[in-house]
Amino acid sequence: MDIPYTVKNRPDTGLYNGKLGVWLFLASEVMLFGGLFSAYIFLRTGVDDWPAGTEYLDVPLATLNTLFLISSSVTMVMSWASLKLNDFKKYKLYTLITLLFAFGFLVIKYFEYSAKFAHNPPYLPSTNNFLGIYFTMTGLHVLHIIGGILVIGYFYGPGSKMWNSDPERFTNRIEIVGLYWHFVDLVWIFLFPVLYLL
Amino acid sequence: MSELTPEEVKHHIKTYVLVFIALAFLTIVTVGISYLDLGHVGGIILALIVASIKGTLVACYFMHLLDEKVTIYWTLIATVVAFLILIFVPLSAMLDHARI
Amino acid sequence: MLEVLRRLGLPSVSASTQGPQIDNIISIVHWLMLILFVGWGAYFIFTLIKFRASKNPKADYKGVRNHYSSYIEGLVAVIEIALLFGFAFPIWASRVNDVPVGTEVVQIRVIGQQYLWNFHYPGPDGVFGKTSVYLVDEAENPIGLDRNDSFAKDDFYVPQMHIPVNTPINISLSTKDVIHNFKLPEFRVSQDAIPGMTIPVWFEATMTSDEFLKTTIGTKREGRGFEIACAQLCGLGHSKMRGYLNVYDSEGYSAWQVSEQEYLLEQEDDDDWGDDDW
Amino acid sequence: MSTDQYKQSFWTKYIWSTDHKIIGIQYGITSLVWLLFGFGLMMIMRYQLAYPDTPVPIVGALLGEGGLLPPEMYNSLGAMHGTIMIFLGVVPLAFGAFGNYFVPLQIGAIDMAFPKLNAASYWTYFAGSVIMATGFFVPGGAANSGWTSYPPLSEIATMGQTVWLIGMVMLITSSLLGSVNILVTVIQLRTDGLTWMRLPIFVWTQFITAFLLLLAFPPLEAAGVLQLMDRVVGTSFFMPSGLVVTGEVMTNAGGGSPLLWQHLFWFLAHPEVYVLILPAFGIVAEIIANNTRKPLAGYKALVYAMVFLAFMSFIVWAHHMYITGMGTSIGAFFQTTTMIISIPSVVILTALLLSLWGGSIRFNTPMLFALGFIPMFGIGGLTGLPLGLAAADIHLHDTYYVIGHFHYVVAPGTIFALFAGIYYWFPKITGKRTNELLGKLHFFFSLIFMNGVFMPMFIQGLAGVSRRLADGGQTYAHAADVIYLNEVMSYSAWLLGLAQIFFIINMVISLFGKKTGEKNPWDATTLEWTDTTSPPLGHGNFEIVPKVYRGPYEYSVPGEKQDFTPQSKKV
Ligand code: HEA
Ligand code: HEA
Ligand code: CUA
Ligand SMILES: [Cu+2]
């Protein structure tokens, strides 16, 4: 006996299990980052002088990174749409591009971080609370990116075999991964102005 | 979203491209705004409004929130309420705190 | 009810102006609790006996048919609202907002640290001198008072608290290290000292230490006067972080002030003073 | 769906299992062991409280020099007692074990929605709990800043605190996985005909609990990460500048706030206390309906009250923070919400009490524990009221009154409900019955000694005796009148420990006893007693997946031959 609604929607909710599951997971993620945003606002309001992000951070690089993430988001949703259109080749292509953008994001982040550490005097999390919260929030976000890359990479490589055995289920999986990936993008959309521009 | 026809999917794809352009444009806009001198509060509010628009676009179109099911709407409403409490209540408690 | 609570442990002395108010709200809530508990408890035992299986082998599908319970719930809600608006809010507002000001008010800075309390008095000029963490020297200058500041010349600090009776006391509470809680059980005063903040606490004693000591005669605490407790976990010495509080009548307080000033003059450059009249 | 379809080795069957029943049992055993351990810590502490500065007998040798319990060690044991009881004991037992085992059975599902995730959440819990325990072996001992871990104390604390934080992050992750699983299972896998208003109350409580876990836990995870950063990387999120610790000026950058931690912590920890109590309500409701042989009074009122309770639990947290110097408007807000949240609790208790009226009450062991729960929770809940009024809290905050309050709700409250659940569902899990005599002895002795431990706490609390005092208040004159109670409480605690031997013996002999062969020993109506394959433990729960035709508690329906009408009985 198999667990029902792993692939097909349950009629009364109109959802399959995985999708509901990932939305609930994202709800908890909202609260996780919510805790950090709350801390950010609390700390910032509580002190008299809070440095402007531009004092420490590199806006052009971050803008580029924002564009990278947005692009990876659109290619992600395209790869899902390609599966819907039964075009596995396009799926592969779009997923590859998604991965490349994600890697690009990491590379730029790497340069940003190392520039901070290399600065004289070094900009460290302990330097002040602005940098502290910057490193914490972006660090956690980067962990989410890495997690996403691993999963997307799996479905690009070994995981994509499922397309032959159970295409519908595979498409669902890509949809789920996509939801997660868009959420990571969404978090960045808020992190970017909050940390860099305000 | 499992019962889409190919035509619908193709239509979706057009939307995705449009949304992508809008997002890219808004990104440039926020950066641009930050170079204008709008005063502290004004700048923050504007930047957050733009970010919210972008977030909404991602959620509504990439994440297909527009045609999601009620179960998910309910979940998200509960989450948003909890989120707002989490952000604003500690803040107001701090501002109301007795101190010299 | 107050009597019962006192029997049960509530300190029988309530030696500040707010003390009786706080005791009052405590005893009113306990009335509410008692009535609810006894009422429901009696019902509970009654049903258990009346409807035990051996006596009542066939259960009634419908069960209770009246709505009395909803009235009880409503009543509880009404009483709680009355408690809030009638007692809780006003008392709290007066605690937080009515911080006394004026010349007759005694100003004291209280600084907690692991594991003792420091009391900083402004001296005759009524103004606290500057302090700085970089001047802190646990042995010589625990509160980091800057003697070069002109307001600091007449300031003095002691490890015990001394106050006059029937005079508003305005405390600025702070801490050097972790969170402590400045608690005067007999005065119904309690306030966390939060690092990085200075929090106002105020009260007015209505009983001198001498009067209090008389009430302790024959009890287990005979001869032990008012205490300052630390009511927030602050490390391994938390349980020993006790301070003393002396409430004088007004002559006694002036005399103590004078003696501290003389002491200050005597010591001049030798910062090593204290007092030992507790 | 017989078992032999799934030939598995011992390892895949019992250890790396993805069967919700096995995982439920794994959760159950692990958490019971932790409960016992957490209680053991407390028995040691109670020795120190009764006889300060005298060597602890029996376990003294483990504690170090001369068998004494030094204050920092006392603080460690206290913090670990709180953490272990709540996060390693009660939550995994009430939510992990009972939820895992019975939610799928009660909703007619063949397993949880994500079996692998389920296993992952158990193993994350297991690893987290082991990490938590390794704290005892690092230099400086386990975390010693209270289960609340208030900074700056926790930031200048020894290494055990870091271990505690890592453990917490893992435990939170595990709860999150578990809650997603339960939520999806309840929403998606209910069998045909099982509408929301036909769900057993137990399922409702688990569902609501899962929501609380989902939304309340992550902020503490965030806070945990921030505190880890403070401790490991040297940020100052919770540290203002200019602190002087043991004569040294701290060099951190400053700008942080200790109150930020308190907000994030209690944002979790208040909903958390309802996580502790809701499953208990569910178990008790289940057992009361069964043993009064009549439907619950006010099913809908119960459900709505619990949903409302859950919502309100997100906006009362700062009633733990009145004495930090809260202002008037926020103070008024939190006092009001705290008073409001007591109303649904009163409604729930009232519904349970009214359910007794007109019943035909059977006094078996599970029922005794469930009945014991009601007045005990009543005492705990009612003593929450004075704490909820800031003015009264001035005198009672951080005294033993608070300790008394919450132990009445968690110990003779939740723990009794959990015992009730264990006795009630034991036949379901093992196919065997527990011994009634031992069960009753366990109940009566536990009831007496629980009250012996916790009732005197109110007296000490009213006298103003602080909690977390390593010498039980010896230093203070205001404790002198009530300090003799320490001995009373300690003896009660040790005797309470002895009373648990009845339970352990009962479990052991019942496990090795004969199978009764009854499928539905309590004549119950809910699905877990109908047409199931367990016991014996098989993969797949039901011989035929049942359909549901009626509400959960159709007992003594007029005109029916039997006094119970199972949910799956065709109309
Ligand atoms: C399961 C756990 C649980 C539950 C359910 C509750 C329930 C409540 N709690 Fe409690 N609480 C804790 C666990 C819990 N609490 C813990 C762990 C702490 C301390 C944390 C720490 O500092 O370490 C704490 C601390 C705590 C404080 C902080 C005290 C302080 O530190 O100064 C406050 C203050 O408002 C409070 C209030 C309440 C209130 C108003 C309720 C209400 O929800 C209660 C409502 C219930 C009722 C009103 C009962 C109604 C019943 C009847 C009317 C029937 C009677 C029946 C018979 C006689 C048969 N609690
Ligand atoms: C769920 C939560 C929970 C539970 C159940 C308990 C249960 C008990 N607690 Fe605890 N306690 C806390 C949570 C809990 N506690 C918290 C949060 C604190 C505050 C910590 C802090 O200050 O930071 C605290 C603090 C605390 C103190 C105050 C310490 C101080 O302030 O210095 C005391 C003092 O007596 C105490 C005593 C007890 C006792 C005697 C029990 C007894 O009721 C225990 C009874 C236990 C059982 C009955 C379990 C039996 C288990 C079995 C029999 C299993 C059998 C096993 C197998 C079959 C494998 N507790
Ligand atoms: Cu200072 Cu406890
Ligand atoms: Cu609470």
Side-chain angles (χ1 to χ4, degrees), chain C residues 5 8-11 22 25-26 29 33 36-37 40-41 44 47 51-53 56-61 63-64 69 73 76-77 80 84 88-89 91-93 96-97 133 136 138 176-179 185 188 190-192 194-196 199 220-221 224 227 229 231-236 239-240 242, chain D residues 71-72 146 150 152-153 240 242-245 247 249 258 293-294 297 323-325 327-328 331-332 335 339 343 346-347 350 354 356-362 375 378 382 385-386 389-392 394-395 397-398 459 462-464 466 468-471 475-478 480-482 556-558:
Chain C
L5 291 176
L8 284 179
L10 190 70
I22 290 174
I25 187 170
I26 292 183
V29 209
M33 291 152 63
L36 278 175
F37 188 75
W40 275 119
F44 181 62
T47 39
F51 295 107
R52 63 187 191 274
N56 193 35
K58 183 87 188 75
D60 171 10
Y61 181 73
V64 185
S69 64
E73 286 155 13
V76 174
E80 288 182 350
L84 284 175
F89 293 166
I91 299 179
W92 193 249
V96 178
N97 294 337
V133 289
V136 169
E138 290 305 341
K176 274 156 75 173
D177 38 40
V178 302
I179 304 178
R188 314 291 188 266
S190 170
Q191 172 62 52
D192 276 356
I194 309 282
I199 302 170
K220 293 207 177 91
R221 66 176 299 176
R224 298 165 80 184
E227 280 177 329
Q232 179 65 261
L233 180 65
C234 52
L236 58 94
S239 62
K240 302 267 189 280
R242 177 175 54 158
Chain D
E72 61 275 27
Y150 281 1
L153 183 63
L243 297 187
V244 187
V245 177
V249 181
R293 314 306 295 160
K294 61 180 281 297
I323 310 300
T324 57
T328 42
Q335 294 182 65
M339 288 302 113
I343 301 296
V346 172
V347 172
T350 306
L354 292 187
L356 300 174
W357 191 268
S360 166
I361 303 172
R362 307 189 300 209
L382 290 172
L385 298 179
L389 299 167
I394 293 178
H395 184 61
H397 175 68
D398 258 345
I459 299 178
L462 281 171
S466 297
R468 295 168 169 171
L469 293 176
D471 63 2
T475 316
Y476 288 108
H478 66 265
D481 274 335
V482 290
S556 303
V557 180

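Here is the naming used below: chain letters follow the sequence lines, and residue numbers restart at 1 for every chain. Heavy-atom basis, side chains included; hydrogens, waters and symmetry copies ignored.
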Residue among [options] with most heavy-atom pairs under 4.5 Å to chain C:
options: D:Asp471, D:Val245, D:Val346; result: D:Asp471
options: D:Ala390, D:Gly247, D:Gly242, D:Gly378; result: D:Ala390
options: D:Pro240, D:Gly327, D:Ala297, D:Gly359; result: D:Gly359
options: D:Ala391, D:Gly325, D:Pro71; result: D:Ala391
options: D:Glu72, D:Arg293, D:Arg468, D:Lys294; result: D:Arg468
options: D:Pro558, D:Gly146, D:Ala392, D:Ala463; result: D:Ala463

So which part of [X] gets closer than 4.5 Å to some heavy atom of chain D, the side chain, the backbone, both or neither?
X: C:Val64; result: both
X: C:Ile179; result: both
X: C:Leu5; result: both
X: C:Val133; result: both

Judged by atom type as modelled, is there a donor-acceptor pair below 3.5 Å linking the side chain of [X] to the main-chain atoms of [Y]?
X: D:Thr475; Y: C:Ser239; value: yes
X: D:Ser556; Y: C:Tyr61; value: no
X: C:Glu227; Y: D:His478; value: yes

Exercise for review: Heavy-atom pairs under 4.5 Å with chain D are the metric here; pick the option from C:Arg242, C:Arg52, C:Arg188 that has the most.
Suggested key: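 Top count of heavy-atom pairs under 4.5 Å with chain D: C:Arg242.
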
Review point. Do you know which of C:Gly41, C:Ala77, C:Gly235 has the most heavy-atom pairs with chain D at a distance under 4.5 angstrom?
Key: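 Greatest number of close heavy-atom pairs with chain D: C:Gly235.
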
Closest approach of [X] and [Y], non-hydrogen atoms and distance?
X: D:Gly358; Y: C:Asn56; answer: O-ND2, 3.9 Å
X: D:Trp357; Y: C:Thr47; answer: CE3-CG2, 3.3 Å
X: D:Ala480; Y: C:Arg224; answer: CB-NH1, 4.4 Å
X: D:His395; Y: C:Pro11; answer: NE2-CD, 3.7 Å

Nearest 0.5 angstrom please: [X] [atom1] to [Y] [atom2], how far?
X: D:Ile323; Y: C:Gln191; atom1: CD1; atom2: CD; value: 7.0 Å
X: C:Ile199; Y: D:Thr324; atom1: CD1; atom2: OG1; value: 7.0 Å
X: C:Leu233; Y: D:Leu469; atom1: CG; atom2: CG; value: 9.5 Å
X: D:Leu385; Y: C:Ile26; atom1: CG; atom2: CD1; value: 13.0 Å
X: C:Asp192; Y: D:His397; atom1: CG; atom2: NE2; value: 5.0 Å
X: C:Ile22; Y: D:Ile394; atom1: CD1; atom2: CD1; value: 4.0 Å

Practice item. Could you walk me through whether D:Leu153 and C:Gln232 pass the side-chain contact (heavy atoms from CB on, under 4.5 Å) test, one step at a time? Key: CA-CA 11 Å; D:Leu153 183 63; C:Gln232 179 65 261; over 6 Å; no

Exercise for review: Could you give me the CA-CA distance, side-chain angles and deciding distance for C:Phe44 and D:Leu356, then say whether side-chain contact (heavy atoms from CB on, under 4.5 Å) is met?
Suggested key: CA-CA 8 Å; C:Phe44 181 62; D:Leu356 300 174; 3.8 Å; yes

Given heavy-atom pairs under 4.5 angstrom as the criterion, report whether the side chain, backbone, both or neither of [X] touches chain C.
X: D:Tyr150; value: side chain
X: D:Pro258; value: side chain
X: D:Thr328; value: both

Practice item. List for me each residue that meets side-chain hydrogen bond (donor to acceptor under 3.5 Å, both in side chains) alongside C:Asp177, sequence neighbours excluded, and say none if there are none. Key: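 Only C:His180 meet the side-chain hydrogen bond (donor to acceptor under 3.5 Å, both in side chains) criterion with C:Asp177.
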
Practice item. Begin from the C-alpha positions of D:Thr350 and C:Trp40 and carry the test side-chain contact (heavy atoms from CB on, under 4.5 Å) through to its verdict. Key: CA-CA 9 Å; D:Thr350 306; C:Trp40 275 119; 3.5 Å; yes

Review point. Quick one: side-chain contact (heavy atoms from CB on, under 4.5 Å) partners of C:Leu84, sequence neighbours excluded?
Key: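 Result, side-chain contact (heavy atoms from CB on, under 4.5 Å) vs C:Leu84: C:Ala88, C:Phe89, D:Gln335, D:Thr336, D:Met339, D:Leu389.
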
